[in-house]
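Okay, so here's the structure we're looking at.
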Amino acid sequence: MRQKIVAGNWKMNGQIQQVIQLTNQLKEMIDTTSSTQVAVMPPAIYIPLVRELLGYDHKIQIGAQNIYPQEFGAFTGELSVPMLKDYNCSYVLVGHSERRQYFHEDENFVAQKFHHVKDHGMIPVLCVGETLFQREKGQTEQIIAKQLLAVSEKNKNCFRDCIVAYEPVWAIGTGKTASPEQAQEVHQYIRRLVADINNSDAESLTLLYGGSVNENNAKALFAMPDIDGGLVGGASLNAKQFLEIVKCIN
Ligand code: PEP
């Protein structure tokens with residue numbers, strides 16, 4: 001059985017009062033008996049606050065939206081994995097399309113971050129996905145393969161203890177979700193590709209779908225055999241909506 005996960009990427013949203021309110025609501029309303037893992041990824045400055053509000057052994061796990069792949073040093077403005085471990089964070093997003101696009105993170109740097117996170121005992125959530133232009137040109141599989149192989153090039157066993165999120169760029173924050181069938185097709189492709197790289201990692205790999213997931217479309221997406229949960233942006237800023245999405249996992 002693969003671990004089911006729903007993670008909320010808060011991106012650069014919310015200030016202190018909203019962060020307190022959202023965290024307290026999630027804490028109050030979450031079903032702590034469910035086997036689905038739930039994580040939130042707040043802006044880094046609020047991670048200590050979210051940790052304090054949740055406590056250290058709460059069901060809701062904390063992830064970071066970004067790291068720099070060095071343990072410490074003269075990297076002004078950056079954040080390290082050991083710093084996140086001080087707050088018992090579990091996950092780090094790597095290769096999110098917004099970082100690839102706005103911060104020009106290339107495949108090499110994404111791969112460096114991915115392995116750094118793993119080597120230092122945290123779980124990377126590797127985001128992959130094609131743009132609308134690439135999809136329309138029939139390049140979806142080629143792009144996904146390139147993004148995955150850039151990471152596995154360094155270590156073929158790398159898809160153990162990690163999460164991959166398929167996030168079509170055209171569906172992120174646009175309100176346009178991939179249909180369950182479109183998403184399943186790519187998820188199945190990713191699992192096959194991972195099997196080709198290292199067969200023993202493929203079946204247990206948790207594959208999330210991300211891109212305008214909401215409480216109305218989540219059930220059909222999560223019902224697909226290769227979709228093991230979601231990476232949720234906009235809808236994770238509302239506790240009720242986010243937890244409705246979590247409930248959509250079978
Ligand atoms: C995301 O940023 O990872 C994301 C999926 O955003 P949204 O749900 O808002 O499309």
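Counting convention: from 1, in listed order, for ligands and their atoms alike.
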How close does the nearest protein non-hydrogen atom get to atom 9 (O) of ligand 1, and which residue and atom is it? Gly234 N, 2.8 Å
Would you check if there is a donor-acceptor pair between the side chains of Trp10 and Gln65 at a distance under 3.5 Å? no
Just by distance, do the side chain of Lys11 and the backbone of Gly234 share a donor-acceptor pair under 3.5 Å? no
Nitrogen or oxygen atoms of Thr174 and ligand 1 under 3.5 Å apart: no
Val81 versus Ile67, closest heavy-atom pair with distance: CG2-CG2, 4.0 Å
Would you please classify the geometry between the His187 ring and the Tyr166 ring as parallel, tilted or perpendicular, with 30° and 60° separating the classes? perpendicular
Does a donor on one side chain and an acceptor on the other come within less than 3.5 Å for Ser200 and Arg160? yes
Considering heavy atoms of the protein only, find what lies nearest to atom 3 (O) of ligand 1 and give residue, atom and distance to 0.1 Å. Glu167 OE2, 2.6 Å
Salt bridge (Lys or Arg N to Asp or Glu O under 4.0 Å) partners of Glu52, counting only residues at least two apart: none
If you measure from the Lys or Arg side-chain nitrogens to the Asp or Glu carboxylate oxygens, is any gap between Arg51 and Asp86 under 4.0 Å? no
Check for me whether Ala171 has a heavy atom closer than 4.0 Å to any atom of ligand 1. yes
Which protein heavy atom lies closest to atom 8 (O) of ligand 1, and at what distance to 0.1 Å? Gly233 N, 2.8 Å
Looking only at protein heavy atoms, which one is nearest to atom 1 (C) of ligand 1, and what is the separation? His96 NE2, 3.3 Å
Ligand 1 atoms in contact with Gly173 (distance to a heavy atom under 4.0 Å): 7 (P), 9 (O), 10 (O)
Arg99 to Phe103 six-membered ring, cation-pi geometry met (6.0 Å, 45°): yes
Against heavy atoms of Leu231, which atoms of ligand 1 measure under 4.0 Å? 3 (O), 5 (C)
Atom indices of ligand 1, in the order listed, that fall short of 4.0 Å to a heavy atom of Ser212: 7 (P), 8 (O), 10 (O)
When you look for heavy atoms under 4.0 Å from ligand 1, do you find them on the side chain of Asn9, its backbone, both, or neither? side chain
By number and element, which atoms of ligand 1 are closer than 4.0 Å to a non-hydrogen atom of Gly211? 5 (C), 10 (O)
